[in-house]
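Everything below concerns the one structure shown next.
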Amino acid sequence: MPRNEARAPRYESGLMALVAISALTLLGTAWWEARRDHEVTLAEASQMGETLASAAAGRIESTFRDAANAAISAALLVESQGGIAAMGSEAKLQQELKRGLWDETSSARLVAV
């Protein structure tokens, strides 16, 4: 029996080393996955920001284009009527300008391009 008792500390040491290596492997894997997840999250956030900025730029461009079309339409309408003085009253001018709109919130149609 003394021979088996002498081997017991070696087996215990080997088992403890195996447990320590397993624990370190699990911790290393968890750290690696957390770091990778962090990088993926940052990349997705960056892509989302670029997408939102692009959408906002497109909407702003469309709004300015519509405003320019409305201004051109109004100028052509006034010019075709012979100027502001020939339009008569401000109410008539306003009525004619509103006629060029699709509805109260839309941009004006182009009278001529």
Side-chain angles (χ1 to χ4, degrees):
M1 284 260 182
R3 185 177 166 135
N4 286 339
E5 289 177 10
R7 286 188 176 177
R10 289 177 65 193
Y11 288 130
E12 287 175 4
S13 297
L15 187 58
M16 291 300 286
L18 183 62
V19 168
I21 290 171
S22 297
L24 288 174
T25 302
L26 288 173
L27 288 174
T29 303
W31 174 81
W32 181 261
E33 288 298 322
R35 179 146 174 92
R36 199 167 135 206
D37 183 55
H38 179 73
E39 291 171 358
V40 168
T41 301
L42 288 177
E44 287 176 353
S46 175
Q47 184 179 17
M48 179 69 75
E50 290 172 4
T51 302
L52 290 174
S54 175
R59 182 66 182 148
I60 290 169
E61 181 182 328
S62 173
T63 300
F64 281 127
R65 184 179 56 245
D66 289 348
N69 289 344
I72 291 170
S73 180
L76 291 173
L77 175 68
V78 170
E79 184 180 325
S80 70
Q81 297 289 327
I84 292 177
M87 297 284 297
S89 67
E90 183 180 331
K92 174 134 169 71
L93 174 63
Q94 191 72 346
Q95 180 183 7
E96 288 296 319
L97 289 175
K98 279 193 171 208
R99 193 171 59 89
L101 294 174
W102 293 100
D103 57 39
E104 290 293 319
T105 60
S106 69
S107 58
R109 295 179 285 201
L110 286 176
V111 175
V113 178

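Heavy-atom basis, side chains included; hydrogens, waters and symmetry copies ignored.
Under the side-chain contact (heavy atoms from CB on, under 4.5 Å) criterion, S62 pairs with R59, R65, D66, sequence neighbours left out. Scored by the side-chain contact (heavy atoms from CB on, under 4.5 Å) test, T25 finds I21, T29 as partners (sequence neighbours excluded).
Between the CG atom of L52 and the CD atom of Q47 there is a distance of 11.0 Å, given to the nearest 0.5 Å. Note that the CG atom of L27 and the OG atom of S22 stand 11.0 Å from one another [nearest 0.5 Å]. In this structure, T41 OG1 and H38 NE2 are separated by 8.0 Å, a value rounded to the nearest 0.5 Å.
Judged purely by atom type and a 3.5 angstrom limit, S80 uses its side chain to pair as donor or acceptor with the backbone of L77. Remark: side-chain polar atoms of S46 are not paired, donor with acceptor, to backbone N or O of L42 under 3.5 angstrom.
Ion pair E39/R36 not flagged as a salt bridge, since none of the NZ, NE, NH1 or NH2 atoms sits closer than 4.0 Å to an Asp/Glu carboxylate oxygen.
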